[in-house]
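Notes to accompany the following structure.
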Amino acid sequence: MFDPRIQIAGKNFQNPVWTASGTFAYGAEFEPFLDLNEIGAVVVKGLSIQPRAGNAPNRIYETPSGMLNSIGLQNVGMENFVKEKLPRLKHYRTQVIANIFGKTEEEYVQVAAYLSDHADIAGVELNISCPNVKEGGIEFGSNPELTRRVVSSVRKKCRLPLYVKLSPNVTDICPIAIACQDAGADAVTLINTLVAMAIDIERREPVLSTIFGGLSGPAIKPIALRMVYQVARAVKIPVVGIGGISRWQDAVEFFLAGATAIQIGTANFYKPTVAKEVLDGLVCYCERKKIPDVAALREAMKSEKAQTC
Amino acid sequence: MFDPRIQIAGKNFQNPVWTASGTFAYGAEFEPFLDLNEIGAVVVKGLSIQPRAGNAPNRIYETPSGMLNSIGLQNVGMENFVKEKLPRLKHYRTQVIANIFGKTEEEYVQVAAYLSDHADIAGVELNISCPNVKEGGIEFGSNPELTRRVVSSVRKKCRLPLYVKLSPNVTDICPIAIACQDAGADAVTLINTLVAMAIDIERREPVLSTIFGGLSGPAIKPIALRMVYQVARAVKIPVVGIGGISRWQDAVEFFLAGATAIQIGTANFYKPTVAKEVLDGLVCYCERKKIPDVAALREAMKSEKAQTC
Amino acid sequence: MRYFTARLVRHQRLNGDNFLLHFADPQIAAQALPGQFLMIAADVDALSPYPILMRPFSVFGVSPQEGSFSILVKVIGLGTRQMSQFGLGADVPMIGLLGNHFEVDAQKAAVMVAGGVGIAPFYLLAQKLIHGGGPLLLLYGARSRSDLVTMEAFEELGVEVRASTEDGSFGTKGRVTDLLVTYLKDSSNSQILACGPGPMLEAVSRIARQHRVPLQVSVECFMGCGFGVCFGCAVETTEGYRLACQYGPVFDGHKMKWDTSGHV
Amino acid sequence: MRYFTARLVRHQRLNGDNFLLHFADPQIAAQALPGQFLMIAADVDALSPYPILMRPFSVFGVSPQEGSFSILVKVIGLGTRQMSQFGLGADVPMIGLLGNHFEVDAQKAAVMVAGGVGIAPFYLLAQKLIHGGGPLLLLYGARSRSDLVTMEAFEELGVEVRASTEDGSFGTKGRVTDLLVTYLKDSSNSQILACGPGPMLEAVSRIARQHRVPLQVSVECFMGCGFGVCFGCAVETTEGYRLACQYGPVFDGHKMKWDTSGHV
Ligand SMILES: Cc1cc2nc3c(=O)[nH]c(=O)nc-3n(C[C@H](O)[C@H](O)[C@H](O)COP(=O)(O)OP(=O)(O)OC[C@H]3O[C@@H](n4cnc5c(N)ncnc54)[C@H](O)[C@@H]3O)c2cc1C
Ligand SMILES: Cc1cc2nc3c(=O)[nH]c(=O)nc-3n(C[C@H](O)[C@H](O)[C@H](O)COP(=O)(O)OP(=O)(O)OC[C@H]3O[C@@H](n4cnc5c(N)ncnc54)[C@H](O)[C@@H]3O)c2cc1C
Ligand SMILES: Cc1cc2nc3c(=O)[nH]c(=O)nc-3n(C[C@H](O)[C@H](O)[C@H](O)COP(=O)(O)O)c2cc1C
Ligand SMILES: Cc1cc2nc3c(=O)[nH]c(=O)nc-3n(C[C@H](O)[C@H](O)[C@H](O)COP(=O)(O)O)c2cc1C
Ligand code: FES
Ligand code: FES
């Protein structure tokens, strides 16, 4: 028997298959498709102090095995989340993690502090990597020193478990992950989307109103997996793997690479039951391979070959 | 009528549709499929001083809309290239560009100098971005200062037009491109592959013998296009666009983003006539849109919107 | 709203690149309202679909007796091309019913204005309204004769069809907005229901404003999910951004900000 | 070597997940040698194929009279699943003929050793050899009865077939290498031609070495192009890395370094 339960920062998760921020709204939207109790954790859409209307259209576009988005972090704001969205989610055994962002260090701190006071949830996930917004979310996450600073500041005021979500748009992701660990993060989650674009050749202009957007979906899985593999070998805190997971086989790859939990993003849009299918497949695989739990799965890789890159 | 001819560093190219290093071998291999005279330029497989046997199997793997490779820069060496491979290519009007790499700055210089003396070709393309080889090709290309140094050194001994091929595995590609320009490069080509991996979940080990490999193909096109768009606005020298081009529409996107020429890579493997098809489609498009030449195509984007990322 | 598969029971090739797919699903057949849509997988390979995202399609017609509904598909890209090759008996994944619907004011004459494949939501509207009495008029424009489809079906329902083509190969030569202007000259107590390409809807809304006629438009935009979770389908209205899949696809045409609502 | 499309003229479902696809192409039918292969598109949508890379398949049989050839396909992943759904009349892009071929020494008895879908190159070998006279033996192993295919076709050609299954559901219970050991006990002047999974080939090569019998193996590996330009299909031999699509797929079994030759 495979035991799917995991624990991170003192919180218990019934399983390691979670849904990613920005792809699962506030959870309730998936009630028609899925028993939310089946999901390990729901990471809700990125929250800011004030509600945000998001970017001008076009906001999304499909590319080969992927999609671009430039939603602009549209969200209901932290207060509405706590008042209107969270109570519904609390009906479920599923854990809730709040993805948060700010324009400045202070804003990050303020959202984290507010949620620490008002939300009984399993953690906050600091989005220091969103490539969409003018205000410069990208800046924090692409530099270890800035990362260390914002994570330290948030850590001081955040009494909830602290996840930091890393950007893949960097030369070397390991120093950033280490900075998070050093600054007191309980876990890192990766990857966010890759900065990318598409051009409408008939109109001869970028498809997205913001020119650039974030690439997600199966196309990016090999990049995400590589980064998870690297980071899992660079830090001691748990790594949550994200990027292009759409089948249970993908999830198994991430666990073998060293992830303690995984998040499913884009696939929720076109297969709203995917989280359940991934969990079922994962359990089957582990039982077939006689792997008792997630910790064992993370250790199940054969001895490592020389790393030559 | 659309005039497909372009000129870079004093060399004339009959058209801007080229084939990418490592995906077109030494050119002759495509004679059964294609009139090589239809191609603007053939960029041959990366050359080093000595022949190289390449990496252990597995060297390749398919991923959603892409592929991983870890060929390890297998090649015949610069001397064999000049003696055995180049003469055959010289039968064609098509220009030849030699992609080169080295373990050290000196090796880069030596290959470039040798080719300057012995090869009548349209340029050398410095691969400072290959993620496959121990010896650290990645190091040069991920740091503007190292890039400037190696390009300067090569420039001194290289009497052929000098292209520098950039790595996408960086936080900000623009400073690297600018360093190339400052160091005397005639053009930059981008992108090389993205560092990525896959895991065989039955064997529970990385699929590639080197663990990591380079991701190419349609999956990476949106990332490549974004970088070409950025670099074309950051430097004055010509930009050669590469990454996931498999249809003429993709090529048009790259020209609109600011590329002076494009290279087709992975698509040659599964559509060996793709270069010809892309050229034909490009010509048709430009005639339909009444665009007279490549320079006009590069300027054909509508006024730029605010760049908000 | 369900995520389900429906079996393809009939495949009808029409003019040009258009065709009708009929699916068995009694529930959709019984419940669909005009203007509502489904997200439909463009690849039946559920393990690894390509393209990945589902595609939005209006419910074209329903047959509650047979327990089936149909969608009208125009081939314009990879997804619709693959859909055109779905084999009979295929079980196609989809999500629906989605979105709001046209609401017809019984006090006013209803004129449907369709551009190209924008005809799609109106057959169901006609199916529903024709029983409610009142004459129905369809103004239907397309580039060329081969882009005009299912007109006989409308006529069989008793709808009056006036067609225009840009190349004059059928009906009046010109645009569907020309037909609308002519119609509005002597029919002020009307309401307009429109569906078609953005520029057409924009032109219709200008005309409707001039004539002070109520207007409902079904808008087109890229949709990532169809059920309100990707926040990708925003269009701009005078009340701010609105998700087309949730607040729409039918909007008050006078409240649309056309310039800033993106384009597909 | 050509890049061409061949029309699917016959689709034959066999046991288990195996089937034969017959394509019309007189040139391949006339020229194919046993062991040669084709790279075949796993998606007929040439505009945007998915998966992108072509897949290698041995020529199974030829009918020079009909101008057609066949390939044997076992469904194991996305590409082969899509191929199993190719419609009759489809024009399938492919590249071929590719690779070298088995070369049979007329002085020695030839025994073919096939594991699973590794049977594929041997039918053509039998077609060619059977005219040259000499008795032909096929040792054919699989997991289970449903994985054994086309045995009657071999028998019709006059080939002696000895089969083994791991679960004992057909033929001898055990592995095909057991059959080989038994055979070699009293047939020293033989040559072995083998095709199948890597571990099987490795086992066969150990046995062949022990018995000092010549061995040719057709190896399996990932192939990016099939025509020698991606450098992706290297296998390791005692002479160094060799591209399987160029120097192979048939190699001297005694020169293979099995440990370091990758796996699929
Ligand atoms: C609410 C709604 C209802 C619709 N109902 C119908 C219908 O009943 N029948 C019908 O044929 N079509 C309908 N459409 C349009 C249909 O969804 C698109 O034609 C389809 O998604 C294109 O898919 P593709 O893969 O073939 O094209 P792609 O390869 O994705 O794109 C090809 C071209 O189509 C454009 N396109 C892509 N997505 C859309 C889109 N959502 N809307 C319009 N153009 C798009 C692209 O800009 C591109 O130029 C509807 C769209 C919406 C939003
Ligand atoms: C020279 C040569 C000749 C071949 N002849 C035949 C033949 O006649 N009939 C036949 O059915 N198969 C043959 N194969 C194997 C066939 O090419 C693979 O089964 C096919 O490529 C798998 O494609 P897929 O998309 O279904 O699988 P994928 O989804 O790509 O992979 C599914 C599984 O198949 C394995 N696989 C992928 N590529 C190969 C490969 N090239 N060889 C073996 N396993 C692979 C993967 O490791 C994975 O476990 C041959 C292979 C080679 C190299
Ligand atoms: C439409 C969309 C909106 C997203 N919004 C957020 C967000 O608000 N905060 C965040 O940290 N990540 C956001 N992401 C990133 C995802 O959480 C995830 O990291 C990324 O999409 C990669 O995973 P995937 O390939 O499974 O989608 C968003 C992704 C998409 C596609
Ligand atoms: C099998 C393979 C081998 C490659 N070898 C080289 C090389 O030797 N030198 C180099 O600069 N780039 C090499 N590349 C990178 C390509 O030239 C190209 O930059 C990259 O594949 C992106 O383009 P694509 O998506 O069109 O393939 C190689 C790529 C592939 C797939
Ligand atoms: S399509 Fe995803 S929110 Fe509307
Ligand atoms: S498969 Fe590309 S070189 Fe052999």
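Within every chain, numbering begins at 1; the chains are lettered A, B, ... in the order of the sequence lines, protein sequences first and strands thereafter. No hydrogens, no waters, no symmetry mates; every other heavy atom, side chains included, goes into these values. Fair warning: this is a prediction, and the values are worked out from it, not measured in the lab.
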B:Thr171 and A:Asn169: side chain donor to acceptor below 3.5 Å
no
Can you say whether the rings of B:Tyr229 and A:Phe212 are parallel (under 30°), tilted (30 to 60°) or perpendicular (over 60°)?
perpendicular
Among the options A:Asp250, A:Val170, A:Ile201, A:Ile223, pick out the one with the most heavy-atom pairs lying under 4.5 Å from chain B.
A:Ile201
Rounded to the nearest 0.5 Å, how far does OG1 of A:Thr147 lie from CZ of A:Phe140?
9.0 Å
Contact leader toward chain B among A:Ala219, A:Gly217, A:Pro222, A:Ser65, where contacts are heavy-atom pairs under 4.5 Å:
A:Pro222
Which atoms of A:Tyr285 are under 4.5 Å from chain B, going by heavy atoms: the side chain, the backbone, both sets, or neither?
side chain
When you check the side-chain N and O atoms of B:Thr193 and B:Ser216, is any donor under 3.5 Å from an acceptor?
no
Quick one: do the A:Asn192 and A:Ser167 side chains pair a donor with an acceptor below 3.5 Å?
no
Under a 4.5 Å heavy-atom cutoff, which of B:Met227, B:Lys289, B:Arg288 has the most pairs with chain A?
B:Lys289
If you tally heavy-atom pairs under 4.5 Å between each of A:Leu256, A:Val252, A:Ile220 and chain B, the highest tally belongs to A:Leu256
Contacting region of A:Leu215 [heavy-atom separation from chain B under 4.5 Å]:
side chain
May I ask you to check whether A:Ser70 and A:Asn55 show a side-chain donor-acceptor distance below 3.5 Å?
yes
At a 4.5 Å cut-off on heavy atoms, which part of A:Ala257 comes close to chain B: side chain, backbone, both, or neither?
both
Interface moiety of A:Leu68 toward chain B, non-hydrogen atoms closer than 4.5 Å
side chain
